[in-house]
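A quick write-up on the structure given underneath.
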2 protein chains.
Amino acid sequence: MPRHFLRKLELYTHLSAADREALESAVGEKRRRVGPREDIVREGDHTGHVNLVLEGWACRYKQLEDGRRQIVALFVPGDLCDTHIDVLREMDHAIGTLTPATYAEVSRDTLGAIAARHPRIMQALWWDTLVSASIQREWTVNLGQRSASERLGHLLCELFLRLRGVGLTEGNHCVLPTTQADLADAMGLSTVHINRTLQDLRRAGLIVLKGRNLTIPDLAALQAASLFTPNYLHFDHIGRHLDAVEPVAV
Amino acid sequence: MPRHFLRKLELYTHLSAADREALESAVGEKRRRVGPREDIVREGDHTGHVNLVLEGWACRYKQLEDGRRQIVALFVPGDLCDTHIDVLREMDHAIGTLTPATYAEVSRDTLGAIAARHPRIMQALWWDTLVSASIQREWTVNLGQRSASERLGHLLCELFLRLRGVGLTEGNHCVLPTTQADLADAMGLSTVHINRTLQDLRRAGLIVLKGRNLTIPDLAALQAASLFTPNYLHFDHIGRHLDAVEPVAV
DNA sequence: CGGTCAGTTGAGAACTTTCAACATGGGTGG
DNA sequence: CCACCCATGTTGAAAGTTCTCAACTGACCG
């Protein structure tokens with residue numbers, strides 16, 4: 001059932017049937033369904049589990065006292081929120097949904113048990129954690145150095161590749177279920193400017209965005225226009241030395 | 001010798017004498033001294049060790065093809081660069097010094113051996129890693145939502161508290177050895193604007209900055225002006241349940 | 001003494017925000 | 001079934017912030 005998550009981990013290494021079963025049963029333990037714009041975790045909480053997004057989109061965000069909000073990470077199906085975060089006393093940020101969503105709560109104990117018994121999974125979770133950190137760094141670059149259109153184009157490239165990594169694209173097309181206000185909070189821009197920047201990208205033929213449907217006619221062109229290089233996503237099967245060798249050949 | 005690092009870890013938990021010795025000997029293995037503005041790690045490298053800053057300041061940065069540079073993290077004495085990063089194939093960023101610096105190279109094997117034998121250290125390293133990630137998120141908020149003066153004030157608050165955490169402040173005073181150009185690259189602003197913003201902060205009486213010497217006459221005031229809350233640094237001795245109980249009482 | 005680096009200043013240009021109005025669409029109650 | 005409402009997206013114009021360019025200062029070094 002956590003097929004997007006499994007698919008993502010297999011970008012790093014091939015899992016054995018036993019690995020997959022272990023993850024499936026862990027994810028089956030406790031499942032929740034929530035509406036759009038709901039908090040899953042609030043700032044100040046102390047949670048003892050990890051959340052895995054199964055369907056829908058969510059985000060990690062921080063809010064300033066005066067109401068300004070910054071989305072610091074977007075979560076799409078297959079994304080794991082806050083691995084190991086429970087070493088810290090309390091959450092310094094919140095996690096909320098952008099769309100209706102379902103997610104699995106995996107307890108720390110369950111995750112620890114799996115990691116102990118399945119070293120390949122442990123490595124893959126490590127990889128996932130490090131890639132998340134790398135994405136966070138790239139967002140810092142994005143906000144610090146890129147112009148509005150580069151910034152937005154960069155985000156769309158990243159999301160497209162991440163969605164493709166979990167099997168949620170078709171050809172050069174994917175969904176973009178966020179509102180323009182969500183994009184604004186993620187990019188540190190006003191909604192008005194997001195709107196105009198999207199129009200610029202459309203006018204330049206770099207994207208086709210109708211409603212929640214995004215098409216990127218020429219990904220290489222969008223990447224070039226956004227100074228995007230995919231290396232920071234580390235989608236290069238770098239854990240192949242750990243690949244499971246199944247006993248049964250085809 | 002890695003006194004700043006030890007002191008930082010003790011913000012989280014108290015280490016035993018054995019813990020401290022293990023860390024000291026690990027850090028003594030290989031020590032390097034480099035000048036200012038030198039790269040310690042280059043983008044594309046594949047390193048098998050972790051670097052611990054002993055003296056001087058360094059940074060993690062990413063550079064765009066057209067030369068724009070974003071500093072995504074600052075390292076002060078006691079900071080550890082890139083724990084566990086070697087799960088990834090190659091570095092997606094570089095690490096360079098800002099000032100002359102000395103650092104210790106700790107091999108992955110050494111670190112792994114310590115972690116296995118000293119669970120308290122392993123937990124403390126985890127805490128350090130998670131705090132670094134938290135700081136990275138806060139920088140994203142900083143670049144996305146705060147105005148130039150809030151942004152710069154926020155950074156100065158953070159640096160002051162981090163330096164205080166490793167014993168490198170005296171009263172309300174510390175060093176700030178970066179150039180304005182470095183600050184600009186870290187804050188996503190131009191050097192000219194950094195210069196003017198520093199003047200604003202000075203004029204408002206929030207900082208006194210002469211050469212490399214920074215004084216913050218009223219930290220609470222600077223925090224308030226910058227919408228700074230220290231919770232994200234997690235300096236709250238949250239690992240106290242792990243505190244070492246020394247067999248010898250004083 | 002000349003050169004270089006860091007810091008400072010002025011002025012205009014460019015980018016982004018704010019405010020306010022208007023358009024569109026889906027959903028709800030009458 | 002229609003009327004209304006609200007969330008989302010769109011547009012215009014003025015204001016505000018930040019950048020760029022260019023010049024100049026002061027300190028340190030060879």
Show me the side-chain donor-acceptor pairs of residues 178-186 of chain B shorter than 3.5 Å, one per line, residues at least two apart or across chains.
unit_1   : atom_1 : unit_2   : atom_2 : d
B/Thr179 : OG1    : B/Ala181 : N      : 3.3
B/Thr179 : OG1    : B/Asp182 : N      : 3.0
B/Thr179 : OG1    : B/Asp182 : OD2    : 3.1
B/Gln180 : OE1    : B/Asn195 : ND2    : 3.1
B/Asp182 : OD2    : B/Thr179 : N      : 3.1
B/Asp185 : OD2    : B/Arg69  : NE     : 2.9
B/Asp185 : OD2    : B/Arg69  : NH2    : 3.3

Carefully, step by step, assess B/Gln70 and A/Thr140 under the rule side-chain hydrogen bond (donor to acceptor under 3.5 Å, both in side chains). CA-CA 8 Å; B/Gln70 176 69 39; A/Thr140 307; over 6 Å; no
What ring-ring contact (aromatic ring centres under 6.0 Å, His included) pairs are there with at least one residue in residues 139-158 of chain A, not counting sequence neighbours?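 Every ring-ring contact (aromatic ring centres under 6.0 Å, His included) pair that includes a residue of residues 139-158 of chain A, provided the two are not neighbours, is A/His154-A/Phe228, A/His154-A/Tyr232.
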Return each pair, listed once, that meets ring-ring contact (aromatic ring centres under 6.0 Å, His included) where at least one residue sits in residues 200-225 of chain A; pairs must be two or more places apart or across chains. none
Taking side chain to side chain donor-acceptor pair (under 3.5 Å) as the cut-off, I'd like each qualifying pair that reaches into residues 212-222 of chain B, sequence neighbours left out, listed once. B/His173-B/Asn213
Could you check A/Arg31 against A/Glu55 for salt bridge (charged side-chain N to carboxylate O under 4.0 Å, His left out), going step by step and ending with a plain yes or no? CA-CA 11 Å; A/Arg31 187 162 306 194; A/Glu55 288 174 61; over 6 Å; no
Does anyone know the first and last nucleotide of DNA chain C in reach of chain A, 5' to 3', at under 4.0 angstrom to a heavy atom? C/dT16 to C/dC19
Name all pairs fulfilling the salt bridge (charged side-chain N to carboxylate O under 4.0 Å, His left out) condition that reach into residues 189-202 of chain B, sequence neighbours left out, sorted by first residue then second. B/Asp200-B/Arg203
Can you tell me which residue pairs pass the salt bridge (charged side-chain N to carboxylate O under 4.0 Å, His left out) test with a partner in residues 130-141 of chain B, sequence neighbours excluded?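 Listed once each, the pairs are A/Lys62-B/Glu138, A/Asp92-B/Arg137, B/Glu138-B/Arg146.
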N-O pairing of B/Arg42 and B/Asp45 below 4.0 Å: no
I'd like to know if B/Arg33 and B/Glu38 make a salt bridge, using a cut-off of under 4.0 Å between side-chain N and carboxylate O.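 Salt bridge flag = no for B/Glu38 with B/Arg33.
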With sequence neighbours excluded, residues passing ring pair (Phe, Tyr, Trp, His ring centres under 6.0 Å) with B/Trp127: B/Tyr12
How large an angle, rounded to 10°, do the end axes of the helix from C/dC1-D/dG30 to C/dG30-D/dC1 enclose when each is built from five base pairs?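 That helix gives 30° between its end axes.
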Letter by letter from the 5' end, nucleotides 11-30 of chain D scores (B base, S sugar-phosphate only, - none; protein heavy atoms under 4.0 Å) BBB----SBBB---------
B/Thr99: what forms a side chain to side chain contact (heavy atoms under 4.5 Å, CB included) with it, not counting sequence neighbours?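 Applying side chain to side chain contact (heavy atoms under 4.5 Å, CB included) to B/Thr99 gives B/Trp57, B/Pro177.
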Sub-4.0 Å heavy-atom contacts from residues 56-74 of chain A onto DNA chain D, ordered by number: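 Here the set is empty: none.
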